[in-house]
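This report refers to the structure that appears directly beneath it.
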There are 2 protein chains.
Amino acid sequence: MNVVNESPRRKELTRLAAQLFVQEGFDRTTVRMLAQEMGIKSGSLFHHFRDKQEILAAVIEEGTQNALALARQALEECGDSAGERLHAMARAHLQTLLTDRNAHVVALYEWRRLDAASRDHLSHLRDAYEELWEQVIDEALAAGLIHGDRFLVSRFVMGALNWTVRWYDPEGARKPEDLAHELVAMITTSAHTPPGLSTKV
Amino acid sequence: MNVVNESPRRKELTRLAAQLFVQEGFDRTTVRMLAQEMGIKSGSLFHHFRDKQEILAAVIEEGTQNALALARQALEECGDSAGERLHAMARAHLQTLLTDRNAHVVALYEWRRLDAASRDHLSHLRDAYEELWEQVIDEALAAGLIHGDRFLVSRFVMGALNWTVRWYDPEGARKPEDLAHELVAMITTSAHTPPGLSTKV
DNA sequence: AGATCAACCAAGCAAGCGCTAGTGTAAACC
DNA sequence: GGTTTACACTAGCGCTTGCTTGGTTGATCT
């Protein structure tokens, strides 16, 4: 069994699995459905993945890794001000939601279907991502950009952002950048941000 | 079959089902597990519910009805100011989350498992609830309490609130009222609300 | 030319699934 | 006092599930 490696074939199969998991849910997605979508027979599936659980873990890992990488890159590329960093994180979050939407929806909805081992491994990845957020929020609090309880504010923000997967329409008029701007405007105390973006210092 | 009525026995069974659906997920919860939890045999279950789907629908309906009733009551009992009404809605939302948590978690996570008929019926209920929110948010916008896009603000707020089911600990120090107050403080422009609540006019 | 190996297939097993059929029984009703 | 009703039981049908087994293929490497 070719279970360990990270072959391009496996990556493609993972992408297809994510799509089906979103459409049907993990439990209702049978290995036969997965195989058909992949153009192979159900038995062949277990050449690439040890079991069905491992497919789920692969899907979630893929999405979380991408989110983490994108957030780190965004923080490196943006300016030093608390406002800029807040914007950068919000933009990165919504951007990964667009490009890896299936994986993130699966991560949000099917997390509990992971076995203990995968859940443990993946929760470390997710914690790393959330720590980035809490750090940026701490900076915003220190800068007086936002006010309130550190813990609560970050939960509220994560909630507002993650909830977008339920209603955001990529075909619609609103760009992810617009959402990011609006969210930051909503939580910062600079009441009336003028229409012209004040992203630069 | 006693399928239609709303007997107290059926209500109790629904409550137990909600708990199991949260623990295991709808698909992984078998009718045999449900029956055991209820202290009857699996066959007897179908005396109370037409099929497994109907149990899910009953759980979600119960939670949504309660949320709607609580929100309406809260709006009637509170003052007329936009701030008070915003607070009242947030408090009611978090309160129903505490008392009917299982039902709401099921509603959020297992909505897609509903058949078309139930989904149609229940989405009307949910729409009624969300309309209450959008109305109150409109008032807050008009009063200058908050700023931004009507649609986006309400989605962000719903997201922040609904996300609480993932982290809120009823045993913890924070009361639902505290969360409500903090959320309203975060999104309103009255930057520094003094510690003494300004709920009365 | 022979060996290796990832990738696939056909067939099927054991377990578990939702649900039905038919029956028993104690209380409620006429 | 006979009939109805509500609720529970036993037994099991027909089907689907995740996964295994044993074998084939074609490309790559030595």
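Below, chains carry the letters A, B, ... as their sequence lines are ordered, and counting in each starts from 1.
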B/Arg10/B/Glu54 salt bridge by N-O under 4.0 Å criterion:
yes

Distance check needed: C/dG18 C1' versus A/Arg28 CZ, whole Å only.
11 Å

Ignoring the backbone of B/Thr30, work out which of C/dC19, C/dC17, D/dC19 is nearest its side chain.
C/dC17

Rounded to whole Å, how long is the line connecting atom CG of B/Leu34 with atom P of C/dC19?
11 Å

Could you check how far CZ of A/Phe49 sits from P of C/dC8, rounded to whole Å?
11 Å

Just compare D/dG18, C/dC9, C/dC17 and give me whichever is closest to any side-chain atom of A/Val31.
D/dG18

Send over the distance from B/Ile40 CD1 to D/dT10 P, rounded to a whole Å.
12 Å

How is B/Ser44 classified with respect to the nucleic acid when contacts are heavy atoms under 4.0 Å: base, sugar-phosphate, or nothing?
base

Could you tell me whether the side chain of B/Arg32 has a donor or acceptor atom within less than 3.5 Å of a complementary atom in the base of C/dG18?
yes

Show your reasoning for whether salt bridge (Lys or Arg N to Asp or Glu O under 4.0 Å) applies to B/Arg15 and B/Glu12.
CA-CA 5 Å; B/Arg15 205 185 55 79; B/Glu12 170 66 6; 3.2 Å; yes

How many Å lie between CG on B/Leu45 and P on C/dC17, as a whole number?
14 Å

Atom-pair distance (CD on A/Gln53; C1' on D/dC19), nearest Å:
13 Å

Parallel, tilted or perpendicular: which one describes the rings of A/His93 and A/Tyr129, with boundaries at 30° and 60°?
tilted

Under 4.0 Å: is that the gap between some side-chain N or O of B/Arg10 and OP1 or OP2 of D/dC7?
no

Interatomic distance where CD1 belongs to A/Ile55 and C1' belongs to D/dT17 [whole Å]
14 Å

Is any side-chain N or O of A/His47 closer than 4.0 Å to OP1 or OP2 of C/dC9?
no

B/Phe46 CZ to D/dC7 P, in whole Å, measures 16 Å

A/Arg85 and salt bridge (Lys or Arg N to Asp or Glu O under 4.0 Å): which single residue from A/Glu76, A/Glu139, A/Glu77 fits?
A/Glu139

From C/dC19, C/dA6, D/dT10, nucleotide with atom closest to B/Lys41 side chain
D/dT10

Are side-chain heavy atoms of B/Asn102 and B/Phe21 found at a separation under 4.5 Å?
no

For the side chain of B/Lys52, counting heavy atoms from C-beta on, which of D/dC19, C/dG18, C/dC9 is nearest?
C/dG18

